[in-house]
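One structure is given below, encoded as structure tokens.
Order of listing sets the numbers, starting from 1, for every ligand and every atom in it.
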Amino acid sequence: MRIGITNLKGGVGKSTITQNLAVCLAHMGYRVVIVDTDTNQNSLSWYGAREKDLPDLTVVGVTDSQALSKTIDNLHKDYDIVLIDGTPNLSQMVTRIILSSDLLLIPIRPGAQDFRTMEEFITRYNEAKEFRGEIPAFFLLNEFSPQKKVHEGISGMIESSFDIELLQTKVNSRVAYTEASISGKGVYEYSDAKAKNEMVRLTKEVLSKSKDLQLMEE
Ligand SMILES: Nc1ncnc2c1ncn2[C@@H]1O[C@H](COP(=O)(O)OP(=O)(O)OP(=O)(O)O)[C@@H](O)[C@H]1O
Ligand SMILES: [Mg+2]
């Protein structure tokens, strides 16, 4: 299965979500590869800091949008799950990621949402669907604070404005995400049990969506 983690907005957690899903999936026994499409190479550097005795996963850098879909298809033969860490650039790459994915996760940060870039993203998504047919996509709330009432309202507004389902699991704002990433880890491998639990829930929810959509077998 090929999962694109994408959005036109920078700093919404694309790399954080990609890396943490990769770690959880690797611990569950899936063969996982991350395709890092960003020129800032966040996932490649994260992997460089990863200790070798942790469950293995692979990170491949692809910044040439023309080469993306072929690289992903080749990797897809050897890995159960290809996670594509998106770029915030308004480049062709975003469209290529959408076209190369079986499922899209669109991280959004309440409070930092930007309807104009979201509209631009949705336009591209709709164009890609006209070209390729249905491409399942889900919003994912990142850096959520349950105590901030306004966050709940915003999530409902985003969901109804764009007609894209919001995943039930929300990723809260926690220092563990930044701290774990410094040593090439996911929160699954870190000391914050709440962060670990929510990432396990998120991974299971993504897997269950993919099974519902028949993108993966049990
Ligand atoms: N749930 C979270 N809680 C706390 N900090 C977070 C969370 N998610 C992401 N961050 C932090 O926010 C910053 C931006 O996250 P990240 O790099 O994953 O975003 P991105 O969308 O990949 O950014 P870019 O568009 O630049 O590639 C990082 O410092 C990361 O550690
Ligand atoms: Mg990134």
Side-chain angles (χ1 to χ4, degrees), residues 3-24 33-50 57 59-63 65 68 82-98 101 104-114 116-118 120-121 124 137-148 151-152 154-155 158 166-203 205-206:
I3 305 178
I5 296 94
T6 183
N7 190 333
L8 286 173
K9 185 137 179 78
V12 288
K14 296 180 291 296
S15 302
T16 304
I17 301 291
T18 304
Q19 292 152 14
N20 277 284
L21 283 176
V23 165
C24 276
V33 58
I34 294 176
V35 176
D36 188 348
T37 68
D38 200 350
T39 44
N40 75 14
Q41 303 200 321
N42 181 313
S43 284
L44 277 167
S45 349
W46 169 80
Y47 183 67
R50 189 166 169 81
L57 43 93
V59 184
V60 174
V62 182
T63 47
S65 64
L68 184 72
V82 184
L83 295 168
I84 308 147
D85 181 8
T87 163
N89 300 331
L90 284 164
S91 62
Q92 258 307 99
M93 185 58 103
V94 176
T95 303
R96 300 273 177 166
I97 294 171
I98 298 173
S101 299
L104 294 173
L105 296 180
I106 310 166
I108 49 177
R109 258 175 65 198
Q113 72 279 79
D114 173 342
R116 202 184 51 76
T117 49
M118 185 56 79
E120 165 75 21
F121 177 82
R124 288 193 189 208
F138 299 92
F139 282 129
L140 163 60
L141 262 183
N142 184 34
E143 291 200 52
F144 185 72
S145 297
Q147 62 274 31
K148 291 191 184 158
H151 280 193
E152 288 286 358
I154 285 164
S155 57
I158 295 253
L166 177 68
L167 288 181
Q168 236 181 341
T169 312
K170 299 174 175 65
V171 177
N172 282 13
S173 180
R174 302 181 196 278
V175 289
Y177 286 101
T178 311
E179 287 175 357
S181 77
I182 292 165
S183 48
K185 289 181 177 167
V187 291
Y188 190 92
E189 297 157 331
Y190 199 66
S191 53
D192 181 336
K194 287 184 178 168
K196 178 174 176 170
N197 283 343
E198 82 190 350
M199 206 33 75
V200 169
R201 268 188 283 122
L202 177 68
T203 307
E205 189 177 4
V206 171

| task | Answer yes or no for Ser15: is there an N/O/S atom below the 2.8 Å cut-off from the Mg ion (ligand 2)? | result | yes

Is the closest side-chain donor-acceptor distance between [X] and [Y] under 3.5 Å?
X: Gln19; Y: Asp85; value: no
X: Asn40; Y: Asp38; value: yes
X: Ser65; Y: Gln92; value: no

| Taking any residue with a non-hydrogen atom under 4.0 angstrom from an atom of ligand 1, which ones do you get? | Gly10, Gly11, Val12, Gly13, Lys14, Ser15, Thr16, Asp38, Asn40, Asn42, Pro88, Asn142, Glu143, Val171, Asn172, Ser173, Arg174, Tyr177, Thr178

| query | So, Tyr47 side chain and Leu57 main chain: donor-acceptor pair closer than 3.5 Å or not? | reply | yes

| Can you tell me if Asn7 uses its side chain to pair, donor with acceptor, with the backbone of Ile106 under 3.5 Å? | no

| With Thr169, which of Glu205, Arg201, Glu198 fulfils side-chain hydrogen bond (donor to acceptor under 3.5 Å, both in side chains)? | Glu205

